[in-house]
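Lettering follows sequence order; numbering is per chain, from 1.
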Protein chains: 2
Amino acid sequence: MTRGKAKDPDRGVRLLWGETEHDPRPGLSLVRIVRAAIELADEEGLAGLSMRKVAERLGFTTMSLYRHIPGRDQLVDLMRDEVMGERPAAPAAAGRAAGEPVPSEEPLGESGEHVADERAGRVRAEPSGGGWRARLETCAREGWELRRRHPWLAEVRGTRHIPGPNVIAHYEYMLSVVADTGLPPGEVIAVVGLIGRFVDAEALLLVEVAQAERHSGVSEQEWWGTQGSLFERLDRYPTLSRLWEAGGWDHPEDSFEFGLARLLDGVELLIQQRDETRDENALCKECGTPVDRAPSGRPRAYCSRACQQRAYRKRRSP
Amino acid sequence: MTRGKAKDPDRGVRLLWGETEHDPRPGLSLVRIVRAAIELADEEGLAGLSMRKVAERLGFTTMSLYRHIPGRDQLVDLMRDEVMGERPAAPAAAGRAAGEPVPSEEPLGESGEHVADERAGRVRAEPSGGGWRARLETCAREGWELRRRHPWLAEVRGTRHIPGPNVIAHYEYMLSVVADTGLPPGEVIAVVGLIGRFVDAEALLLVEVAQAERHSGVSEQEWWGTQGSLFERLDRYPTLSRLWEAGGWDHPEDSFEFGLARLLDGVELLIQQRDETRDENALCKECGTPVDRAPSGRPRAYCSRACQQRAYRKRRSP
DNA sequence: ACCTCACTGTTTATGGCGTACACAATGTAT
DNA sequence: ATACATTGTGTACGCCATAAACAGTGAGGT
């Protein structure tokens with residue numbers, strides 16, 4: 001894979017961000033290829049996605065695809081951005097980033113004001129109440145939901161995938177949610193990355209199970225049953241055996257829900273810590289110099305008795 | 001991949017758990033193949049690991065490998081277990097699970113008491129002070145370290161890899177560490193899985209960067225620089241721009257350290273909650289019946305005023 | 001000594017993959 | 001009408017895993 005050279009390195013960007021030339025003519029077109037590829041990947045997974053099969057599904061030869069797309073990698077980028085444009089559940093109108101839904105060919109929703117000169121990807125409709133935690137959780141859940149519809153999304157690996165408008169819109173929104181917490185920039189980015197990678201990792205787990213079941217014809221349980229002689233050897237591991245007998249594997253936690261809760265808890269703790277630190281490093285309300293924090297007790301508002309007194313006098317007789 | 005049928009489903013288990021037949025004869029052997037494969041994967045990644053190249057490296061034909069190993073998948077299983085047997089940093093002697101280091105051919109360490117009838121994998125030397133958190137963190141760090149030595153380890157995907165003795169020993173140890181916290185079985189397993197998947201996901205990130213750099217010859221920075229026209233389009237995303245200008249990407253957090261800290265914080269919180277719950281569900285100190293928890297305030301020690309009074313009298317005049 | 005047989009390595013072949021390259025058909029601009 | 005850009009096709013290359021048939025080699029039994 002990815003053996004092709006980049007004769008025109010900008011081609012990938014333009015395909016994703018360029019105005020969609022939706023010609024109703026017969027024959028191949030970018031969107032048709034992308035659509036067919038998504039269908040195929042939905043059915044057979046990303047490993048089952050091949051240029052040959054996409055072409056077959058469209059009734060063309062393999063090489064015809066290359067007249068529209070530089071190669072397989074760019075096709076995947078386009079597929080990713082396409083599905084990221086699907087609305088999560090309730091349809092949403094334009095947002096603050098000059099939005100207009102991007103799903104090509106037919107926006108499917110009622111057309112709002114057209115901006116059309118540049119695509120900016122689908123963005124969230126409104127802040128949609130709740131604190132950062134509820135919103136971040138919703139983001140994670142929508143990502144999870146999306147990956148249940150399009151499992152291959154979690155299989156997309158590699159760091160050099162060009163983000164399209166919809167991918168960026170998602171990213172922008174998540175960043176804005178976390179940025180509202182007042183965390184420093186580096187940590188905002190880290191939190192968003194952490195959550196995103198978590199969702200992907202968990203989704204990948206499910207994909208792998210499904211994939212193995214599909215193309216082996218044997219369910220996960222049955223398959224492990226086949227490896228009977230393995231389990232006999234596990235008796236000598238005390239913790240393993242104890243947990244097994246306690247039914248730990250019979251009633252497993254939902255690993256997505258469990259992990260998400262732990263992760264959000266961890267982030268919440270970080271935010272609390274930062275808040276405290278900020279308070280402790282607060283400036284004197286009177287003179288502006290930094291207040292040194294006390295080892296315990298209520299954080300001080302003034303740097304010295306003198307300032308405290310000055311402020312008191314001001315309050316009494318302004 | 002994985003197109004071979006399982007004529008002998010137990011073969012995989014026996015290869016991993018069977019006594020190592022280390023024949024010093026010339027020619028091929030299981031261990032030689034596994035060693036060569038590990039070298040190759042260390043250099044070229046799991047995607048670069050092919051039966052052809054392994055055979056070439058050993059000076060045999062491709063098909064000769066199949067006389068010793070059912071297929072590529074099983075080879076990967078064997079490689080995984082092999083490297084899991086490497087000692088983390090300080091060499092460790094036998095543990096409680098009838099340990100003996102498994103790294104085949106030559107154990108490399110000073111031989112302790114031989115048990116030898118069955119392999120049980122390398123296990124930790126001792127509880128090695130510190131609470132669950134320090135120990136779990138050490139586990140994660142060792143996993144991280146191992147994946148830096150053998151990056152392909154993170155690339156091993158799929159749910160149907162048979163664990164060998166060393167893999168199981170690691171798992172057993174992590175389970176025991178978390179089990180010590182008193183969490184219910186399902187949650188113990190969930191925590192260990194969560195941490196494990198996190199380490200893998202983060203390691204995979206690095207692998208992907210390195211891999212892309214290696215076989216494209218262009219560094220990550222340079223490559224993204226090539227996509228210049230992308231960044232021009234990102235100006236209209238407010239949060240993205242703000243974080244960019246604030247230098248969020250210039251001084252990024254160490255995503256492994258950051259994520260691990262959040263994760264452990266989240267787990268710690270869970271454990272605290274469970275402890276409180278346990279206290280709240282504590283039994284009456286006098287009569288033993290469960291105490292119903294109050295919505296707020298100090299948890300009650302007695303189920304009723306009557307029991308509280310009885311206990312008080314006992315204390316006064318025993 | 002001879003035959004048998006298991007073990008080990010080789011040769012050949014099949015079907016899959018991404019894509020480079022030369023060629024053909026078609027519609028548009030000059 | 002001619003030149004040209006666009007679009008689709010056919011062939012070919014090198015890579016992958018592995019199935020199947022074949023060949024050499026040494027051990028055991030007769």
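Mapping B:G59 and A:P70 onto DNA chain C via the closest heavy atom, the residue that lands nearer the 5' end is B:G59. Along DNA chain D, the nucleotide nearest to A:S64 and the one nearest to B:S50 differ in position, and the one closer to the 5' end is contacted by A:S64.
Rounded to whole Å, the distance from CG on A:D73 to P on C:dC17 is 16 Å. Put simply, CG on A:L30 is 15 Å from C1' on D:dT6, counting in whole angstrom units. Remark: C1' of D:dT18 and CE of B:M63 are 5 Å apart, rounded to the nearest angstrom. Rounded to a whole Å, the CD1 atom of A:I69 is 14 Å from the C1' atom of C:dG18. As rounded to whole Å, 13 Å separates atom C1' of D:dC16 from atom CZ of A:R52. When rounded to the nearest whole Å, the span between CG of A:L46 and P of C:dG18 equals 11 Å. Between B:R72 atom CZ and D:dC16 atom C1' there is a gap of 9 Å when expressed in whole angstrom units. At whole-Å resolution of the value, NE2 in B:H68 and C1' in C:dT8 are 6 Å apart.
Salt bridge status for B:R160 with B:D73: absent, with no side-chain N to carboxylate O gap under 4.0 Å. The pair B:E44-B:K53 meets the salt-bridge criterion, with a side-chain N (NZ, NE, NH1 or NH2) lying under 4.0 Å from an Asp/Glu carboxylate O. Taking a cutoff of 4.0 Å between a charged side-chain nitrogen and a carboxylate oxygen, A:D42 and A:R149 do not qualify as a salt bridge. Ion pair A:E202/A:R197 not flagged as a salt bridge, since none of the NZ, NE, NH1 or NH2 atoms sits closer than 4.0 Å to an Asp/Glu carboxylate oxygen.
At a threshold of 4.0 angstrom between heavy atoms, the contacts of B:L49 are confined to the sugar-phosphate backbone, with no base atom among them. Looking at heavy-atom distances under 4.0 Å, B:M51 makes contact with sugar-phosphate atoms alone, never a base.
Taking the ring centroids of A:Y237 and B:Y171, they lie at or beyond the 6.0 Å cut-off.
Side-chain N/O atoms of A:E86 and A:H150 include a donor and acceptor closer than 3.5 Å.
DNA chain D is contacted by no residue of residues 154-162 of chain B, taking any non-hydrogen atom closer than 4.0 Å.
Taking the six-membered ring for Trp and thresholds of 30 and 60 degrees, A:W224 and A:F231 have ring planes more than 60 degrees apart, a perpendicular arrangement.
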Which is it for A:R157 and B:E155 under the salt bridge (charged side-chain N to carboxylate O under 4.0 Å, His left out) test, yes or no, and what are the steps along the way? CA-CA 10 Å; A:R157 307 302 323 182; B:E155 298 183 272; over 6 Å; no
Contact list (N/O, under 3.5 angstrom) for nucleotides 21-24 of chain D vs protein:
from	atom 1	to	atom 2	distance (Å)
D:dA21	N6	B:R67	NH2	3.4

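In the set D:dG8, D:dA19, C:dG9, the nucleotide with an atom closest to the side chain of B:F60 is C:dG9.
B:S229 meets the side-chain hydrogen bond (donor to acceptor under 3.5 Å, both in side chains) test with A:D10; sequence neighbours excluded.
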